[in-house]
Structure formats: structure tokens, C-alpha cells
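Note that the coordinates shown come from a computational prediction; the quantities given were computed from them, not determined experimentally. Atoms considered below: every heavy atom in the structure, side chains included; atoms not considered: hydrogens, waters and symmetry mates.
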Amino acid sequence: MKKERKEPELTVELKRQEWEMTLEGESVLRCVLTRPELAGTWKGIRAINRYYSHVADHWRRRWEREVYCMACLDLADRRAQGRPFRVWQAELVTRITLQENGLLSLWQEGQECRGYDRTLILRRGDTWSLAEGAPLKLSSFFPQKRRWKKRVLEQLTAQVQGRLAAGESLLDSDCVKRLRREFVPDNYWLTGEGAQVFFPMCTIAAGGEGIPAFSVALPGR
């Protein structure tokens, strides 16, 4: 009698770091960074952890160099003009959206609030094969890949038209025409119901809309 093969184990912890940067004793930039740290027996865990460690280092370097310098210049300029200064904020947010059947899916969002300016947001979605430690493309969830993009765009178009008709969003009036041009297959994450496909800030909607995301049904899910 064959024994049932036990699925490898996985735990995911969100590591959080906070720090503050100052100029002449005055707070200039506050940073918060979260990243996933995986543990368990899946073969791909080490590669995935290494990837997110590099991502965290990238954001940390950006904030401690470029963004910090810009915040200091903003403080100096406002001091010279006798205007109030608002501390800059930088954060890397991580959300786990799916963890099952050898898959891990999540999104990360870099947010930078530069004083009184609008918050800048950059989002990335990742879906991993835990066995291989490799990212999966959206097309891999469609058995017949030949027409997968057409099927996705049809679903996106229907939802965009629905939101425009309902007047419930800040989508651009011509965004239906621009969907194909702005669609990036890697910009997605998985949930228990299917995929969420998203578009970067200000590509198909006004900045106040943030990052538009749409549900996409996947075969067999």
C-alpha cells in the first residue's frame, strides 16, 4: 500500500522594519518596510527569500539616498521661505493574496508621500512556483495559450465599460481604447477566485483612482 505523499511545509512571515532619518535633529523622512520571509521544505524557498531581500535592499537604498536628499532640500527650501515642512513618508507594503497548492502569490506596493505632494504609488504582483522558486506568467494558467490574451482583454473591457457606465470611478473616458497598449501580462496576482490584473498609476485613470485592478476568471479556478 502506497503512502500518501506529504506536501512540503510552508510558513510566511512578514518582516517589518521602521526607521527615521533626520537633518540637524529634525525629522525629515520616516520609512516603513515589510517583506515576506518564507520557511519550510519547498525547494524554491531560498531563491524566493533571496529575491525579496534584494527588493528590500533596493527600496532602502532609494530612500536613504535619493529620497532623503530630496526631503532635505525640501526642508531647506521651506525654512528659507518661512513655510511649514511636512515630514516625508516612505513605505513598502506587502500583502499575501494566495498560499495553496504549491503556489504563493502576493503584491508589494512602494508608497512615497513627499510632504504636501500627492503620494506616489508603485505596485508589483508576483506569483511563485514554490517547487521551482520561479515566477509564473499569467499565460501559464490558460491551458490553451493561443488565445489567452484575447480572453483576458475581453474580461477587462467588460469591467471597464461597466465602471464607466456606472460613473463609479476616475477611469479615463478613452481607457477602453488604451487597454491593449497598457496591458502588461506580468501585472497580476492570484486570489482564491482567480486573478487580479492591475494597471500602474495614471496609465488608464486619474491619479486619484490609485492603481485600478480588475478580476479575471481563470480556467479551473
Side-chain angles (χ1 to χ4, degrees), residues 10-18 31-40 42 44-45 47-63 67 89-113 118-130 132-142 148-149 152-153 155-156 159-160 163 169-171 175 179 182-205 207-218 221:
L10 174 70
T11 60
V12 183
E13 181 181 358
L14 293 183
K15 295 287 188 179
R16 180 183 176 93
Q17 294 177 283
E18 297 184 44
C31 304
V32 179
L33 188 153
T34 60
R35 66 175 178 87
E37 186 170 286
L38 284 60
W42 286 96
I45 282 178
I48 297 171
N49 280 338
R50 186 164 55 245
Y51 170 79
Y52 285 113
S53 178
H54 289 326
V55 170
D57 288 344
H58 166 79
W59 284 101
R60 188 182 295 107
R61 287 194 300 270
R62 170 179 168 78
W63 296 341
V67 177
Q89 310 282 340
E91 183 172 7
L92 179 64
V93 180
T94 302
R95 293 286 183 271
I96 307 298
T97 60
L98 183 76
Q99 181 181 329
E100 65 179 25
N101 299 327
L103 298 176
L104 175 69
S105 193
L106 58 86
W107 57 259
Q108 289 190 301
E109 190 171 273
Q111 303 176 358
E112 296 176 2
C113 182
R118 182 190 298 277
T119 300
L120 300 177
I121 303 174
L122 179 64
R123 180 176 291 181
R124 177 180 178 84
D126 294 313
T127 298
W128 296 91
S129 163
L130 293 168
E132 299 176 6
L136 297 173
K137 294 184 176 296
L138 182 58
S139 60
S140 67
F141 296 97
F142 291 83
W148 75 271
K149 189 173 182 180
V152 170
L153 287 170
Q155 294 185 58
L156 296 178
Q159 291 180 60
V160 166
R163 292 190 192 183
S169 68
L170 298 175
L171 293 172
C175 65
L179 274 181
E182 301 295 346
F183 172 63
V184 177
D186 289 339
N187 287 350
Y188 84 98
W189 66 86
L190 293 184
T191 69
E193 291 72 43
Q196 288 284 314
V197 172
F198 66 93
F199 291 82
M201 194 173 183
C202 298
T203 53
I204 65 168
E209 181 71 13
I211 297 180
F214 306 90
S215 301
V216 171
L218 301 178
R221 296 189 69 87

In sequence, state the C-alpha distance, the side-chain angles, and the governing distance for W148 and F141, and then conclude on ring pair (Phe, Tyr, Trp, His ring centres under 6.0 Å). CA-CA 9 Å; W148 75 271; F141 296 97; over 10 Å; no

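- Counting heavy atoms from C-beta outward, L122 and P200 have side chains that stay 4.5 Å or more apart.
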If you apply the rule side-chain contact (heavy atoms from CB on, under 4.5 Å), what do you find for L179 with V160, and how did you get there? CA-CA 9 Å; L179 274 181; V160 166; 4.1 Å; yes

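- Taken to the nearest 0.5 Å, the CD atom of E18 stands 10.5 Å off from the OG1 atom of T34.
- For E132, the CD atom sits in a loose shell: 12 or fewer heavy atoms of surrounding residues, nucleotides or ligands are nearer than 6.0 Å.
- Taking CD1 from I45 and OG1 from T11, the interatomic distance works out to 7.0 Å, rounded to the nearest 0.5 Å.
- Remark: aromatic rings of W189 and F198 are close, center separation under 6.0 Å.
- When the side-chain contact (heavy atoms from CB on, under 4.5 Å) test is applied to C31, the partners found at least two apart in sequence or on another chain are W19, L29, W63, A90.
- Here the CG atom belonging to L190 is positioned 13.5 Å from the CH2 atom belonging to W128, to the nearest 0.5 angstrom.
- Using a distance-only test at 3.5 Å, with no hydrogens or angles considered, no donor-acceptor pair links the side chain of N187 to the main chain of F199.
- No side-chain donor-acceptor contact under 3.5 Å links Q89 and E91.
- With hydrogens and angles left out, the side-chain atoms of Q108 and T94 include a donor and acceptor closer than 3.5 Å.
- Under a 3.5 Å cut-off, the side chain of T127 and the backbone N or O of K137 do not form any donor-acceptor pair.
- Side-chain contact between D186 and L138: absent, with no pair of heavy atoms (C-beta onward) separated by less than 4.5 Å.
- Taken from CD in E182 to CG in L156, the straight-line distance is 12.5 Å, to the nearest 0.5 Å.
- Looking at residues two or more places apart in sequence or on another chain, you find no ring pair (Phe, Tyr, Trp, His ring centres under 6.0 Å) involving F183.
- With sequence neighbours excluded, the residues satisfying side-chain contact (heavy atoms from CB on, under 4.5 Å) with E13 are K15.
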Step by step, would you call R62 with E112 a side-chain contact (heavy atoms from CB on, under 4.5 Å)? CA-CA 11 Å; R62 170 179 168 78; E112 296 176 2; 2.6 Å; yes

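- A donor-acceptor pair shorter than 3.5 Å can be found between the side chains of S215 and Q196.
- Within 6.0 Å of CZ on R118 lie no more than 12 heavy atoms contributed by other residues, nucleotides or ligands.
- There is a side-chain donor-acceptor pair under 3.5 Å between Q17 and R60.
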Worked check of side-chain contact (heavy atoms from CB on, under 4.5 Å) between M201 and L120: CA-CA 8 Å; M201 194 173 183; L120 300 177; 5.6 Å; no

Evaluation steps, side-chain contact (heavy atoms from CB on, under 4.5 Å), between E100 and L98: CA-CA 6 Å; E100 65 179 25; L98 183 76; 3.6 Å; yes

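- Rounding to the nearest 0.5 angstrom, the gap separating the CG atom in L106 from the CZ atom in R124 is 10.0 Å.
- Not one N or O on the side chain of Q111 forms a donor-acceptor pair closer than 3.5 Å with the backbone of T119.
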